[in-house]
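Below you'll find the structure, written out as structure tokens, and then a few comments.
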Amino acid sequence: MGELQLNQSLINKARNAAEKIAEQVDAFIMPRSTVTIERTALRLMGIDGVNDEEIPYVNVLVDQLKENNMLQDGAVSWVCKAMITYGMTPQEVAEAANIDKINWEACRSLPNDETEQLGFQLAEAGLLKIKEQQQKRNQMLEKFGAGKKPYLYVIVATGNIYEDIVQAKAAVRQGADIIAVIRTTAQSLLDYVPYGATIEGFGGTYATQENFTIMRNALDNVGEEVKRYIRLCNYSSGLCMPEIAAMGALERLDVMLNDALYGILFRDINMQRTLIDQAFSRMIISYAGIMINTGEDNYLTTADAVEAAHTVLASQFINEQLAFKSGLPVNLMGLGHAFEINPDLEDGLLLEIAQAQMIRQIFPEAPLKYMPPTKYMTGNIFKGHIQDALFNLVGMLTNQGIQLLGMMTEAMHTPFMQDRQLSIENAKYIMNNSRHLSEEISFKSGGKVEKRANEVLEKATTTLEEIEEMGLFTAIEHGIFADMKRPFDGGKGLEGVFLKNEHYFNPFDELLKRDLGLGVERNE
Amino acid sequence: MSSIDFTHIKPYGDTFGDGAVQLSFTLPVPYGEEAKEAARLLAIKMGLDEVQIYHMKDLGEHYTFFILYGKVAHSIDYTKITVAKIETTRLDYYQINEKIKKEIKRKIVVVGACTGTDAHTVGIDAIMNMKGYNGEYGLERYPMIDAYNLGAQVKNEDLLAKAIEVEADAILVSQVVTQKGIHLTNLTELVELIEGSGLRKNMILICGGPRINHELSLELGYDAGFGSGTVARDVASYIVEEMINRNRN
């Protein structure tokens with residue numbers, strides 16, 4: 001396969017800078033936790049359900065502990081103490097706390113080693129459920145095979161999980177490999193996860209554990225029929241990033257959008273909060289064998305795709321290093337990028353190829369998530385279909401892992417039944433016709449494509465070295481990504497961040513770090 | 001082809017007056033001859049003659065997609081059409097700043113936001129942010145305009161509060177998500193809020209978005225509405241002219 005001659009010493013420099021940046025961030029994260037991380041631990045202990053006011057029991061517990069100034073010890077620690085004191089299951093503790101029947105002070109005197117022993121037992125059991133789902137995925141992949149790349153990724157977004165199923169199954173029969181259920185507008189800003197099956201949403205469907213179960217079963221069933229393993233995708237992002245990661249892990253989701261930078265820039269979520277949340281969520285994701293998708297493609301929807309191409313690459317380097325810190329293997333890093341260059345630009349295709357091929361070579365084992373044109377899609381569906389075709393060709397030419405299929409009605413409405421079919425037909429036509437094209441291509445040495453790739457690489461390296469100098473937090477404050485400035489103490493969710501005290505106990509954190517080979521041993 | 005009868009206008013395919021239209025849709029019925037007939041009958045009900053179904057595709061799960069052509073029986077009297085339009089003269093960046101300096105003699109204040117649960121800032125950013133869109137500077141760049149872009153998911157109450165705080169001359173509201181008419185609810189709520197506050201006549205109220213047009217905006221109680229393809233100077237030209245007109249009256 002033809003490769004661009006990229007400046008390897010720049011790649012090394014960029015990666016080193018990104019590693020340092022990730023270390024700085026990691027040092028900030030380590031002593032901290034958040035309300036949603038605590039709720040995640042409680043969920044993995046088996047606490048589920050909502051009270052009469054539809055507030056999840058995990059929120060009830062964590063809010064109560066926070067009010068009593070006890071959360072710094074870790075929620076698991078207190079729930080274990082209450083379990084022993086009252087002889088209750090975790091769920092019973094939650095329900096009792098909801099009607100103020102837990103006297104937390106009365107639980108205080110219990111020795112820590114006793115509660116921790118119980119905590120580890122519960123954590124082992126919780127993580128086992130995730131392991132079992134991973135094993136089940138592996139069995140099914142063995143049975144049906146992993147499928148040809150790029151995987152064809154389409155979205156459903158009706159707001160009604162049962163209607164989503166019909167559209168998803170139809171898409172699978174047409175050839176889709178990954179089904180993403182788009183979330184309802186603004187779920188990312190809820191500091192709780194809604195409960196149960198839902199039939200209403202705006203521009204998408206609520207991510208709830210029950211909805212995950214329902215869609216998982218539907219895709220398993222249709223997958224059996226078409227003899228393919230169908231991957232399910234949802235969003236481990238927003239204010240409940242780790243909780244949704246845990247639900248995804250328990251319900252065998254295969255792909256999850258997971259990118260703190262995206263939340264900071266595009267949802268105005270506080271940077272401290274979401275970077276702490278991301279580190280924990282990525283450990284769960286790593287443990288569950290779920291592939292992440294990062295959101296760098298979005299930078300190009302606000303910033304110019306030609307001018308800001310290097311910010312995409314810089315962010316990918318950072319995301320790669322932050323993912324390593326959470327134990328995520330490279331083959332699960334679906335780093336995002338997009339085909340967003342203005343279609344009126346002469347030789348725009350060359351620049352698209354340069355970017356896609358460069359990223360392919362810099363992250364050779366990462367699956368890469370390639371996003372279709374959105375910014376320059378218009379109501380002209382005929383032209384839009386061709387823009388998507390060009391995008392599919394570049395995806396094939398540069399061996400992308402996941403092709404998020406463009407819809408000709410992008411910028412108009414959520415896809416119609418036929419939009420998805422036409423789009424899959426477009427992709428299959430082009431991919432089948434150009435299946436081995438990349439093996440036949442070599443790039444002209446010193447040509448336009450190679451030059452462009454090295455230019456972007458050089459700018460990305462400079463940017464990373466600047467970020468290393470000032471730190472990621474300050475860089476975001478300066479608006480280095482997507483032309484967006486976000487303050488360190490601004491945005492949503494900062495009130496949910498706290499410093500752990502010396503007694504802080506979270507057995508999931510400890511077990512995950514042990515199993516993923518993170519923590520002390522790693523730094524020997 | 002000597003004279004077109006503008007009182008009876010029909011689509012044009014390849015012969016004048018043929019009324020030819022292309023159409024595609026999906027029916028929730030299984031693929032087959034019955035499906036095809038259903039599509040044909042539906043097209044006839046839509047007012048098409050000589051319906052030809054050129055493509056049909058099994059979408060699975062008992063859905064079928066059609067591409068069809070027909071000749072439309074109806075016609076439109078083009079001479080009777082009136083459409084509400086913004087009649088402002090379109091000025092450029094320099095002319096707008098100059099006009100504000102000369103005729104309004106102070107900076108004008110514009111507050112904008114994407115309101116409700118809508119998280120799509122693409123539109124409001126294109127109009128307001130320094131950088132603008134497609135080579136057209138945004139309002140923030142205009143020396144004679146104080147522009148405040150509050151971003152996405154702003155509550156109507158907060159937008160109004162900000163407008164009062166900075167004594168805004170104009171409020172811009174962007175709405176991209178239109179599913180289930182949520183933009184209409186949202187836009188109406190803002191108008192009611194502003195009217196309730198007694199400040200309606202002091203402010204120029206403008207909405208924008210890909211599914212917004214001037215006529216709809218007037219219906220909703222706005223002063224103007226801008227659709228896709230709008231750039232900052234379209235909006236600025238309108239605000240300046242409207243302010244000058246209001247001062248005159």
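Chain naming here is simple, since letters A, B, ... match the order of the sequence lines and numbering starts at 1 in each. These figures come from a predicted structure and were not determined experimentally. Heavy-atom basis, side chains included; hydrogens, waters and symmetry copies ignored.
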Above 12 or not: heavy atoms from other molecules or residues under 6.0 Å from CG of B:Leu41?
yes
Cut-off 4.5 Å, heavy atoms of chain B, and the answer for A:Leu189 is side chain
As an exercise, state the distance from CG of B:Leu59 to CZ of A:Arg173, rounded to the nearest 0.5 Å.
12.0 Å
Proximity breakdown for A:Asn342 and chain B, heavy-atom pairs closer than 4.5 Å:
side chain
For atom CG of A:Leu345, is the number of surrounding heavy atoms from other residues, nucleotides or ligands below 6.0 Å larger than 12?
yes
Answer yes or no: are there more than 12 heavy-atom neighbours, outside B:Phe66 itself, under 6.0 Å from its atom CZ?
yes
If you count the non-hydrogen atoms of other residues, nucleotides and ligands that lie under 6.0 Å from NZ in B:Lys107, is the total more than 12?
yes
For the CD atom of A:Gln421 and the NZ atom of B:Lys57, what is their distance to the nearest 0.5 Å?
5.0 Å
Taken to the nearest 0.5 Å, the spacing of B:Ser24 OG from A:Ile381 CD1 works out to 6.0 Å
With a 4.5 angstrom heavy-atom cut-off, which part of A:Gln174 approaches chain B: side chain, backbone, both or neither?
side chain
I'd like to know if the side chain of B:Arg211 reaches the main chain of A:Met412, judged simply by a donor and an acceptor atom lying under 3.5 Å from each other, with no hydrogens or angles considered.
yes
What heavy-atom pair brings B:Gly60 and A:Ala170 nearest, and what distance separates the two atoms?
O-CB, 4.3 Å
Are there more than 12 heavy atoms of other residues, nucleotides or ligands under 6.0 Å from atom OH of A:Tyr429?
no
Can you tell me if A:Glu425 has over 12 outside heavy atoms packed within less than 6.0 Å of its CD?
yes
Return the CD to CZ distance between B:Gln22 and A:Phe382, rounded to the nearest 0.5 Å.
4.5 Å
How about OH on B:Tyr137, more than 12 heavy atoms from neighbouring residues, nucleotides or ligands closer than 6.0 Å, or not?
no
What pair of heavy atoms forms the shortest contact from B:Phe65 to A:Gln418, and how long is it?
CD1-CB, 3.1 Å
Nearest 0.5 Å, what's the OG1-CG distance between B:Thr26 and A:Asp419?
8.0 Å
Is the number of heavy atoms from other residues, nucleotides or ligands within 6.0 Å of NE2 (A:His413) greater than 12?
yes
